[in-house]
Amino acid sequence: MANKWSDRFDEPTSDIVKRYSASVGFDFRLALVDIQGSMAHAQMLNKQKIITKKDLTDILRGLKLIQKEVERGQFQWSIDDEDVHLNIEKRLIAIVGEAGKKLHTGRSRNDQVATDMRLWLRGVIDQHLIQLGNLQKKIIQLAEKHIDTIMPGFTHLQVAQPVSFAHHLMAYFEMLQRDKSRLIDARKRTNQLPLGAAALAGTSYAIDRKYTAKLLKFDGVAENSMDAVSDRDFLIEYNACASLIMTHLSRFSEELILWSSDFFNFVEISDGFCTGSSIMPQKKNPDIPELVRGKVGRVNGHLVALLTLMKAQPLSYNKDNQEDKEPIFDVADTLLDTLEIFAEMIDKLQVKPINMEHAAIKGYATATDLADYLVKKGLAFRDSHGVVAKAVKYAIKQELNLADLSLSELQKFSKLIDQDVYKSLTLKGSLNARKHVGGTAPIAVKRAIQKAKLLL
Ligand code: ARG
């Protein structure tokens with residue numbers, strides 16, 4: 001027999017409505033932070049003499065027992081009680097009786113769920129910060145081995161200029177560094193306590209919100225009760241941060257996929273991150289980077305879902321907000337796994353320096369250096385660009401590299417060219433010339449790595 005929601009109702013809740021509106025199937029994940037929040041709330045109620053010491057003792061005893069049940073996977077979740085909050089409250093009353101009925105004094109599920117989400121997200125952000133640092137560490141470790149490894153740098157995916165492989169890797173260090181600072185910033189706005197806002201208007205009990213905030217290690221209390229129960233900006237900000245992190249990792253993934261193909265053959269992704277083909281015995285497919293690239297879709301999709309969820313929502317709390325959970329849980333799960341797996345994959349990446357260098361030589365990567373050489377001899381850059389374009393065209397026809405052309409051949413393009421030109425045409429010479437801050441010269445890259453290490 002279906003029950004009525006409460007005595008306010010004449011008709012029972014149908015099974016389909018129960019199933020449609022229940023969130024316990026996914027918000028049970030908030031159980032531990034929900035208990036944490038309830039413990040702090042009860043302590044505050046007692047400090048303010050709203051409940052007795054005996055009530056508090058009973059409540060804490062019951063909540064601790066529930067915590068154990070949850071941790072051991074023994075807690076019996078029931079869709080009859082809609083969500084994580086009602087499930088836990090009902091169990092508390094079953095364990096400790098009268099005192100359990102007093103826990104919900106001066107609060108509502110509206111400020112409770114907002115508090116839970118913030119506590120939960122704060123923990124996730126802290127994990128990501130450690131994970132991002134760990135991935136950066138792996139990137140630095142790989143970079144340190146390849147300061148002198150020369151590869152072609154690309155623009156438009158065409159060979160552009162030679163760069164140090166370490167320099168290329170350190171570009172991702174920078175992206176992840178920005179990602180960390182964005183998360184740290186988002187954490188500040190996440191770490192504000194909604195509790196005390198109650199349903200929307202605050203409460204008539206003499207509560208001490210700052211005390212609850214202190215117990216729960218929040219940086220402060222949400223200043224407006226209506227904003228406190230309805231705001232989900234912090235989830236959107238987090239999702240946006242996650243989208244950017246996934247975007248960065250998808251760019252890295254795309255490069256690993258290209259580099260591990262036979263045409264590039266710059267790297268070998270360790271077997272553990274690849275799979276074979278059920279039909280083509282020779283295949284080793286870069287599944288993990290492909291999946292990372294693919295999973296950006298769901299993370300970005302959730303961002304749009306959350307933005308759409310909040311759009312035009314009137315103040316204050318609306319049940320719409322229950323729809324914030326599945327997307328954000330999925331974003332967190334995806335990002336937690338992706339960051340962990342990515343760090344391992346980078347740690348085990350095999351690099352093929354000879355193939356990289358070969359590709360840089362083949363691609364006329366030092367043409368700009370020849371142009372710069374002529375400028376230093378007095379030619380205007382636009383003119384020297386034209387001279388070198390002709391020289392490259394000639395070299396392509398002869399199927400030679402620029403450095404393979406004889407001095408007299410080169411001099412046909414400009415009388416300013418001398419024996420010392422060959423220094424500029426080598427990959428090493430090209431790299432070494434770019435030794436300013438942010439440049440790809442090994443000496444500059446070494447400095448960048450030292451600086452990066454200090455940031456970890
Ligand atoms: N399960 C709800 C949610 O996730 C909790 C808050 C419900 N509040 C209410 N007044 N129905 O948002």
Side-chain angles (χ1 to χ4, degrees), residues 3-9 11-38 40-41 66 70 75-93 103-124 190 192-203 216 222 224-236 238-239 302 305-333:
N3 291 321
K4 296 185 294 180
W5 207 95
S6 73
D7 289 334
R8 155 76 176 76
F9 293 79
E11 286 180 26
T13 313
S14 74
D15 283 347
I16 171 99
V17 168
K18 232 192 251 175
R19 186 161 56 74
Y20 196 74
S21 57
S23 55
V24 66
F26 45 87
D27 69 14
F28 74 92
R29 291 179 57 160
L30 298 172
L32 293 180
V33 286
D34 192 71
I35 291 167
Q36 193 189 347
S38 288
H41 179 65
I66 296 172
V70 170
F75 192 94
Q76 297 289 322
W77 299 105
S78 165
I79 173 178
D80 286 333
D81 298 309
E82 205 173 301
D83 58 23
V84 60
H85 323 292
L86 293 178
N87 267 266
I88 290 177
E89 191 183 338
K90 189 173 182 185
R91 178 81 187 119
L92 180 69
I93 294 168
L103 173 62
H104 213 53
T105 312
R107 80 173 182 187
S108 147
R109 279 186 295 156
N110 297 352
D111 56 347
Q112 189 180 353
V113 72
T115 302
D116 289 5
M117 289 303 278
R118 287 169 185 269
L119 281 172
W120 173 83
L121 184 64
R122 184 177 82 182
V124 170
T190 299
Q192 300 290 325
L193 177 76
L195 222 50
L200 76 160
T203 174
L216 292 171
N224 178 294
S225 65
M226 297 182 76
D227 181 44
V229 293
S230 67
D231 171 45
R232 295 293 182 275
D233 291 0
F234 63 105
L235 297 179
I236 295 174
Y238 164 69
N239 200 343
H302 293 320
L306 291 177
L307 285 166
T308 312
L309 177 70
M310 295 314 293
K311 179 195 169 293
Q313 233 197 79
L315 289 177
S316 57
Y317 176 87
N318 300 280
K319 187 84 168 192
D320 310 41
N321 286 349
Q322 184 164 288
E323 287 291 310
D324 63 356
K325 288 173 197 62
E326 285 162 294
I328 216 69
F329 289 159
D330 189 57
V331 170
D333 290 342

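Just the heavy atoms: all of them, side chains too, but no hydrogens, waters or symmetry mates, feed the values below. When a ligand or atom number is given, it counts from 1 through the structure's own listing order.
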For A22, the side chain to side chain contact (heavy atoms under 4.5 Å, CB included) test, sequence neighbours excluded, returns I79
I need the minimum non-hydrogen distance between L92 and L103, along with the two atoms involved. CD2-CD2, 3.6 Å
In chain order, what residues pass the side chain to side chain contact (heavy atoms under 4.5 Å, CB included) check against L86, with sequence neighbours excluded? W5, D81, E82, D83, E89, R109
Restricting to non-hydrogen atoms, name the atom on F26 and the atom on F329 that form the minimum distance, rounded to 0.1 Å. O-CE1, 3.3 Å
Might you list the protein residues in contact with ligand 1, defined as having a heavy atom under 4.0 Å from one of its atoms, sorted by chain and number? S23, D27, D83, H85, R109, N110, V113, Y317, Q322, K325
K325/D116 salt bridge by N-O under 4.0 Å criterion: no
Would you mind listing every salt bridge (charged side-chain N to carboxylate O under 4.0 Å, His left out) that reaches into residues 22-36, with sequence neighbours excluded? R29-D333
